[in-house]
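Right, one structure below, let's go through it.
Residues take their numbers from the sequence shown, with the count starting at 1. Just follow the structure's listing: the first ligand is 1, and inside any ligand the first atom is 1.
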Amino acid sequence: MILSERISLMEESLTLAITQKARELKAAGREAISFSAGEPDFDPPRAVKEAAIAAINGGFNKYTAVTGIDELKEAIAKKLKKDNGLNYSPKQIVVSSGAKHSLFQLFAVLINRGDEVIIPTPAWVSYPEMARYHGGKAILAQTKAENGFKITSVELKAVLTDKTKIVVLCSPSNPTGSIYAREEIAALGEALKGSNALIISDEIYEKLIYGAKFVSTAAVSDDLFSRTITVNGLSKSAAMTGWRLGYFAAANVEIAIAVAKLQSQSTTNACSIVQKAAIAALDGRADDDIETMRQRFEKRRDLALESLNKIEGLKPIVPQGAFYIFVSHEAIEKDSMKFCMKLLEETGVATVPGVGFAQEGYFRMSFAADEASIEKGIAKIASFTRGYRP
Ligand SMILES: Cc1ncc(COP(=O)(O)O)c(C=O)c1O
């Protein structure tokens, strides 16, 4: 066998089939509308671009400190204090090449073979795959639509064991857009009291919220502060997906030291230019542009919800954050891959099947698309749904 056991534990994305089909339709000249994007369709803020250009022209080309330049780590610490009420010092922070990279490395330094990682589902597909790759056991904890697909303390207790190493929380959630309220987080914290479980709190969609209040998990209690690792990044908040910059902060400095060791032997520092640009994304200079993007997203969300709500057989969950609407099509078809594949083949509209998030009977529609495409695409979904034959 050429390949390692480890890589065979990881599965390919279930949604690849959809991406491939969309590509084929495009190549055949068919009109395609993509609601499958996991990234903002906006440019990064002007101040970010200017800071990157200044860094290039200023010759900021060399390796940096592995965990990030001081100036950036201080900007992150300030941001966590100002926006989230969290007191982290720069030595508790590690900057990496995207939040995905931060998560991967956290799993690498925390998981021993057989450790359990609780992942409330529906969930972003990379969590279980990363957990398995590192020898962990992904415990998928099914949540309920009537609770906004948020795990409750009772549901958490039901899957908590003495092997639980990590509980993953994602708020605002990909794919549902749900946000955990302070009291919901507090209840989860109570459920964890007495256990050694850590929480990885993925807060990457924090800036894209629509009328709801966002609360950082670590800010809810001292106990939660000490057991939570706060993960964030600039991909979604500053439309910088391709720039690759993420970070985490952990109360226990041992975790930062371990990730620094791993990163020093693998990827070294996040791109030097992007680190300079990231400061501009965090220190207030980009706030107006970020707010403009948020407002555009909110308008599109409302537009999409209004149209989706009129379609018989579909039931959208109202997202409080992120840029996705998770839509139930259970009333007309249980199999999400079948539904999404047929939708794509017959109308050219690409969505992501719920099964890709471990949730059958739903599709995820991204509203990171312009208003005209949203209207046209949903009209196509409406006529497809009307004539649906399983
Ligand atoms: C929930 C969630 N976490 C993390 C990421 C990864 O972000 P990054 O681009 O910073 O690696 C994504 C991207 O799709 C995401 O949806």
**OP:** Would you kindly specify which portion of R244 sits under 4.0 Å from ligand 1, judged on non-hydrogen atoms: side chain, backbone, both or neither?
**Re:**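 Only the side chain of R244 comes within reach of ligand 1.
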Subject >> Side chain, backbone, both or neither: the part of Y127 lying under 4.0 Å from ligand 1 by heavy atom >> reply: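 The side chain, only.
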Is it the case that the side chains of [Y] and [X] hold a donor-acceptor pair, with the cut-off being a distance below 3.5 Å and no angle test?
{"X": "Y180", "Y": "K150", "result": "no"}
{"X": "S216", "Y": "E203", "result": "yes"}
{"X": "T64", "Y": "Q275", "result": "yes"}
{"X": "T176", "Y": "Y362", "result": "no"}

Subject >> Backbone N/O of L192 and side chain of R227: donor-acceptor pair under 3.5 Å >> reply: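 Flag set: sc R227 to bb L192 pair under 3.5 Å.
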Subject >> Backbone or side-chain N or O of L103 under 3.5 Å from ligand 1 N or O >> reply: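 Among all N and O atoms of L103, none is under 3.5 Å from an N or O of ligand 1.
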Original post:
Does K100, backbone or side chain, put an N or O under 3.5 Å from an N or O of ligand 1?
Top reply: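 Yes.
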Original post:
Mind checking whether Y210 and F367 have parallel, tilted or perpendicular rings, split at 30° and 60°?
Top reply: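 Rings of Y210 and F367: tilted, as their planes differ by 30° to 60°.
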Closest protein heavy atom (residue, atom, distance) for [atom]:
{"atom": "atom 2 (C) of ligand 1", "result": "D202 OD2, 3.4 Å"}
{"atom": "atom 9 (O) of ligand 1", "result": "S235 OG, 2.6 Å"}
{"atom": "atom 6 (C) of ligand 1", "result": "W124 CH2, 3.7 Å"}
{"atom": "atom 7 (O) of ligand 1", "result": "I204 CD1, 3.4 Å"}
{"atom": "atom 14 (O) of ligand 1", "result": "K236 NZ, 2.7 Å"}
{"atom": "atom 10 (O) of ligand 1", "result": "A99 N, 2.7 Å"}

Need the ligand 1 atom indices (1-based, order shown) with element for anything under 4.0 Å from a heavy-atom of [X].
{"X": "G98", "answer": "10 (O), 11 (O)"}
{"X": "N174", "answer": "1 (C), 16 (O)"}
{"X": "Y205", "answer": "1 (C), 14 (O), 15 (C), 16 (O)"}
{"X": "C170", "answer": "1 (C)"}

Original post:
Are any of the side-chain nitrogens in R30 or E345 under 4.0 Å away from the carboxylate oxygens of its partner?
Top reply: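 Salt bridge between R30 and E345, a charged N being under 4.0 Å from a carboxylate O: no.
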**OP:** Answer yes or no: is there an ion pair linking E206 with K79, defined by an N-O contact shorter than 4.0 Å?
**Re:**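 Between K79 and E206 there is a salt bridge, with a charged N closer than 4.0 Å to a carboxylate O.
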**OP:** Answer yes if the ring centres of H329 and Y388 are under 6.0 angstrom apart, and no otherwise.
**Re:**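 Distance test on ring centres: not under 6.0 Å, no.
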